[in-house]
Enquirer: 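Before I ask anything, here is the structure I am working with.
The chains referred to below are lettered A, B, ... by the order of the sequence lines, with proteins before strands, and numbering in each begins at 1.
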2 protein chains.
Amino acid sequence: MKTMHKEHTLTKNQQIIFDLIDKSPEPMKAYSILFNVQKKGIKAPLQVYRALDKLVEIGKIHKIESRNAFIACHNSSCRVAKATAFSICEICEKVTEISSAGLSKYLANFKDKDGMKYIKYNLEFFGLCKKCKVK
Amino acid sequence: MKTMHKEHTLTKNQQIIFDLIDKSPEPMKAYSILFNVQKKGIKAPLQVYRALDKLVEIGKIHKIESRNAFIACHNSSCRVAKATAFSICEICEKVTEISSAGLSKYLANFKDKDGMKYIKYNLEFFGLCKKCKVK
DNA sequence: ATTTAAATTGTTATAATATAACACTATGTA
DNA sequence: TACATAGTGTTATATTATAACAATTTAAAT
Ligand SMILES: [Zn+2]
Ligand SMILES: [Zn+2]
Ligand SMILES: [Zn+2]
Ligand SMILES: [Zn+2]
């Protein structure tokens, strides 16, 4: 039996771009990605954005909306990119994906004043990371 | 005694742009704002972005990051733009600011795995609004 | 009232982010 | 095979946002 998630065969461009993001210690922006993959034959913004769109769709990467940047998902529980949470350092811009059963349970069960629930959300926490706090 | 928040005297440009956003039934994008205030003498993107920056800073409006759009704050409890939550309809793009004591308390008290708390956050829920759900 | 600092404005130019349109190629499958 | 679906390559363009600089307004501080 196959595992339940992320069993997609990436295409050439998708794999090149995923590998780059996955190796990066920080979120990468689209044109920085483009610059870095030009030697591999990916020459145009659209090639990057198309791969990014697909990678986001299948949950291999996430977009940090407030930064227009992309990071690889290392949170096996967040399956298909529907429910994401991050902490973002406002000084060094370090981004960490938050994997908290309590948080995801709370948000998945949250009902607005109309009694409406949401299976999809994105949460970005801002503050100072450990390193930047001590400085 | 003065009330505790949002007691800023807006400048001319800030007031013009706030009024426009405040009257709009939906989030407005910067260049749409620009188009709409040109008859009032605001001619350049920077004039719009500067006013938007200030209005966000003082909490009169919020930016919907996933949409690059701005809405007026109608949530008296969210004081200075540090802690925001929205629901966004993925069909009609209707955006509603969520004002939930329980939610804001939960998020303000949330600790990540390093025990870190965050006073600033932005949460965007995605789903279908009432109208779009019945269609 | 005069000086000073801070904030705001006006302007031109440019940077950064993202998509439209179209022709073509690869892949899976009936 | 024939067909549908997804991915590619390419050029051009649209959208979102900031840099740099000079001038003006505003609000203290002396
Ligand atoms: Zn993830
Ligand atoms: Zn940091
Ligand atoms: Zn608000
Ligand atoms: Zn709707």
Enquirer: Measuring from the side chain of Arg50(B) (C-beta onward, heavy atoms only), which nucleotide among dT9(C), dT12(C), dT8(D) has the closest atom?
Expert: dT9(C)

Enquirer: Out of dT9(C), dT19(C), dG9(D), which nucleotide sits closest to the side chain of Pro45(A)?
Expert: dT19(C)

Enquirer: Are any of Lys29(B)'s side-chain N or O atoms less than 4.0 Å away from OP1 or OP2 of dT16(D)?
Expert: yes

Enquirer: Nearest whole angstrom, please: distance from the C1' of dT11(D) to the OH of Tyr49(A).
Expert: 17 Å

Enquirer: Starting at the 5' end of DNA chain D, which residue's closest nucleotide do you reach first, Phe70(B) or Ile42(A)?
Expert: Ile42(A)

Enquirer: Quick check: closest heavy atoms across Leu34(A) and Ile42(A), and the distance to 0.1 Å?
Expert: CD1-O, 3.7 Å

Enquirer: For the side chain of Tyr31(A), starting at C-beta, report the closest nucleotide among dT17(C), dT18(D), dA21(C).
Expert: dT17(C)

Enquirer: Look at the side chain of Asn13(A) and decide which nucleotide, out of dT16(D), dG9(D), dA21(C), has an atom nearest to it.
Expert: dG9(D)

Enquirer: Separation of Gln14(B) atom CD from dT8(C) atom C1', in whole Å?
Expert: 8 Å

Enquirer: Where the side chain of Lys54(A) is concerned, which of dT11(C), dC22(C), dG7(D) is the nearest nucleotide?
Expert: dG7(D)

Enquirer: Could you give the CG-to-P distance, from Leu34(B) to dA17(D), as a whole number of Å?
Expert: 13 Å

Enquirer: Taking the minimum atom-to-atom distance to the side chain of Thr11(A), which one of dT11(C), dG9(D), dT8(D) wins?
Expert: dT8(D)

Enquirer: Using whole Å, what does the distance between atom P of nucleotide dA12(D) and atom CG of Leu46(A) come to?
Expert: 14 Å

Enquirer: Can you say whether the rings of Tyr121(B) and Phe125(A) are parallel (under 30°), tilted (30 to 60°) or perpendicular (over 60°)?
Expert: perpendicular

Enquirer: Do Val134(B) and Lys130(B) touch side chain to side chain, with heavy atoms closer than 4.5 Å?
Expert: no

Enquirer: Separation of Lys12(B) atom NZ from dT26(D) atom P, in whole Å?
Expert: 11 Å

Enquirer: Please report the distance, rounded to the nearest Å, between CD1 in Ile64(B) and P in dT16(D).
Expert: 14 Å

Enquirer: When you get a sec, tell me which of dA18(C), dA17(D), dT8(D) is the closest nucleotide to the side chain of Asn68(A)?
Expert: dA18(C)

Enquirer: Assign each of Ala44(B) and Ala30(A) to its nearest nucleotide of DNA chain C by heavy atoms, then name whichever residue's nucleotide is nearer the 5' end.
Expert: Ala44(B)

Enquirer: Tell me the interatomic distance from Leu52(A), atom CG, to dT8(D), atom P, rounded to whole angstroms.
Expert: 12 Å

Enquirer: Answer whether the closest heavy-atom distance between the side chains of Leu103(A) and Leu123(A) falls below 4.5 Å.
Expert: yes

Enquirer: With a 4.5 Å heavy-atom cut-off, do Asp22(A) and His74(A) have their side chains touching?
Expert: yes

Enquirer: Please tell me if Gln47(A) has a side-chain N or O lying less than 4.0 Å from either OP1 or OP2 of dG9(D).
Expert: yes

Enquirer: Take the protein atom CG of Leu10(B) and the nucleotide atom P of dA7(C), then report the distance between them rounded to whole Å.
Expert: 16 Å

